[in-house]
Amino acid sequence: MRAVVLTDGGLKVQERPDPVPGSDELLVKAEASGINGADLAQRAGNYPAPPGAPVDIPGLELAGTVVAIGASVRRFAIGERVMSIVAGGAQAELCVVHERVAMPVPSGLSSREAGGFAEVFMTAHDALFTQCELKMGERLLVTGAAGGVGTAAVQLGAVAGARVVASVRNKDLHGAVAAFGATVVTPDQVADSGPYDVVIELVGAPNLGVDLDSLATGGRVVVIGTGAGSQGQIELRQLMVRRAVLRASTLRARPLEEKAIAARLLERQVLPHLESGRLSVPVAASFPLEQADAAYERFSQPKLGKVVLENDR
Ligand SMILES: NC(=O)c1ccc[n+]([C@@H]2O[C@H](COP(=O)([O-])OP(=O)(O)OC[C@H]3O[C@@H](n4cnc5c(N)ncnc54)[C@H](OP(=O)(O)O)[C@@H]3O)[C@@H](O)[C@H]2O)c1
């Protein structure tokens with residue numbers, strides 16, 4: 001198969017042996033795979049693949065058709081379309097996926113949308129609802145809201161009946177993010193638009209002071225991204241007086257059981273809205289697998305939503 005292969009801070013598209021599914025696994029012929037910040041960090045040598053994942057083939061999410069199954073697989077059959085997170089290896093023509101984290105592709109969803117869905121929607125849904133228990137009527141702040149996780153979090157918050165404030169530094173993207181159901185502000189306007197019951201922090205440490213200062217009593221902050229920095233000082237009394245919660249999480253290194261539960265929650269709570277068109281996966285740009293270098297470059301530039309690699313384009 002052809003695959004994106006990481007090489008000394010760069011990448012190449014090369015021939016690699018086809019992966020072989022284990023007894024609970026699906027072999028998926030990938031139609032599309034999304035690019036994520038983790039791929040760029042792995043390319044830079046800062047985020048090695050966890051044990052069991054392909055060491056040098058990046059890619060955390062994909063959509064495609066099942067072309068072979070292990071002996072114990074029960075949830076999917078050959079020929080069905082699935083989308084899934086993986087711990088690595090999605091940016092290739094073929095990828096092995098555990099059947100418990102795979103989800104059916106809703107009808108009407110294009111390859112590029114399905115390929116860019118799983119990682120960012122699972123991350124956003126888990127952060128908002130499983131970790132922060134976001135409720136109808138609560139005020140939600142999403143920082144870095146124009147990106148993949150951000151556009152997912154804004155839409156999920158709006159569909160769940162939260163009052164969503166989206167922080168977006170690029171004014172050209174304000175209108176598009178507002179159309180997902182948010183009041184859009186620039187980062188310097190965040191403090192004046194609270195107080196917030198839930199903050200999903202996608203930019204990193206420089207925002208934490210304002211996040212904590214803008215929290216409502218009983219507020220919850222979840223740190224998901226640290227692209228702008230991971231170190232800083234916090235004022236613990238800001239947390240104490242608000243009886244607030246500060247938490248953080250990553251998805252990639254979690255055990256299969258937790259990922260499977262997160263996938264079942266997406267199937268029940270999110271896929272129906274994706275099928276009806278109430279939720280969408282905005283794709284800013286799509287590139288053939290062979291142009292992975294250009295796609296990674298595009299990911300680093302301002303964009304609405306996802307950048308995706310497509311096979312057979
Ligand atoms: N914890 C997890 O499990 C998990 C899972 C997925 C993603 N992540 C992380 O979560 C973050 C968001 O992911 P993503 O896929 O949404 O990335 P993305 O598509 O690149 O979006 C990031 C957004 O943050 C904005 N941004 C970046 N630096 C900023 C800064 N200094 N000030 C203001 N805005 C800034 C970007 O704006 P511009 O377009 O203007 O640059 C962009 O809109 C990344 O750090 C990613 O690595 C974590």
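Counting starts at 1 for both ligands and their atoms, following the listed order.
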Practice task
Answer yes if the ring centres of Phe129 and His125 are under 6.0 angstrom apart, and no otherwise.
Solution key: yes
Practice task
Among all protein heavy atoms, pick the one closest to atom 3 (O) of ligand 1 and tell me residue, atom and distance.
Solution key: Leu251 N, 2.8 Å
Practice task
With Arg252 as the cation and Tyr47 as the aromatic partner, state whether NZ or CZ is under 6.0 Å from the six-membered ring centre and within 45° of the axis.
Solution key: yes
Problem - Top protein contact for atom 41 (O) of ligand 1, by heavy-atom distance - result: Arg169 NH2, 2.8 Å
Exercise for the section: Name the closest protein heavy atom to atom 48 (C) of ligand 1, giving the residue it belongs to and the distance to 0.1 Å. Expected result: Ile224 O, 3.0 Å
Handout entry: Check: Gly148 N/O within less than 3.5 Å of ligand 1 N/O
Key = yes
Practice task
Identify the protein heavy atom lying closest to atom 47 (O) of ligand 1, giving its residue, its atom name and the separation to 0.1 Å.
Solution key: Gly37 CA, 4.0 Å
Exercise for the section: Hey, could you give me the OG/CD distance between Ser72 and Glu25, rounded to the nearest 0.5 Å? Expected result: 10.5 Å
Problem - Student check: side-chain heavy atoms of Arg243 and Thr217 closer than 4.5 Å - result: yes
Practice task
Please determine if Glu119 has a nitrogen or oxygen closer than 3.5 Å to a nitrogen or oxygen of ligand 1.
Solution key: no
Handout entry: Pairwise side-chain contact, Gln131 with Arg247, heavy-atom cut-off 4.5 Å (strictly under)
Key = yes
Handout entry: Side chain to side chain, Lys306 and Ile35, heavy atoms closer than 4.5 Å
Key = no
Problem - Top protein contact for atom 1 (N) of ligand 1, by heavy-atom distance - result: Ser249 O, 2.7 Å
Fill in the blank from the handout: Quick note on ligand 1: atoms under 4.0 Å from a heavy atom of Pro302 include exactly 39 (O)
Completion exercise
the protein heavy atom lying closest to atom 7 (C) of ligand 1 turns out to be Val149 CG2, 3.7 Å
Handout entry: Contact check, side chains of Val142 and Val165, non-hydrogen atoms, under 4.5 Å
Key = no
Fill in the blank from the handout: Check: of Ile200, Thr151, Val142, Leu202, min heavy-atom distance to atom 11 (C) of ligand 1 comes from Leu202
Fill in the blank from the handout: The single option from Arg43, Arg16, Gln14 that satisfies side-chain hydrogen bond (donor to acceptor under 3.5 Å, both in side chains) with Asp56 is Arg16
Handout entry: Min N/O separation Arg252 to ligand 1 under 3.5 Å
Key = no
Problem - Close-contact set for ligand 1 against Ala228 heavy atoms, below 4.0 Å - result: 31 (N)
Exercise for the section: Below 4.0 angstrom from a heavy atom of Gly225, which ligand 1 atoms are there? Numbered from 1 as shown, please. Expected result: 9 (C), 10 (O), 11 (C), 45 (O)
Practice task
Would you mind checking which non-hydrogen protein atom is closest to atom 21 (O) of ligand 1, with the distance to 0.1 Å?
Solution key: Gly147 CA, 3.3 Å
Exercise for the section: Answer yes or no: is there a side-chain heavy-atom contact under 4.5 Å between Leu62 and Val28? Expected result: yes
Fill in the blank from the handout: atom 25 (C) of ligand 1 has as its nearest protein heavy atom Gly144 CA, 3.9 Å
Practice task
For a side-chain hydrogen bond (donor to acceptor under 3.5 Å, both in side chains) with Glu310, tell me which candidate from Ser110, Ser111, Ser286 qualifies.
Solution key: Ser286
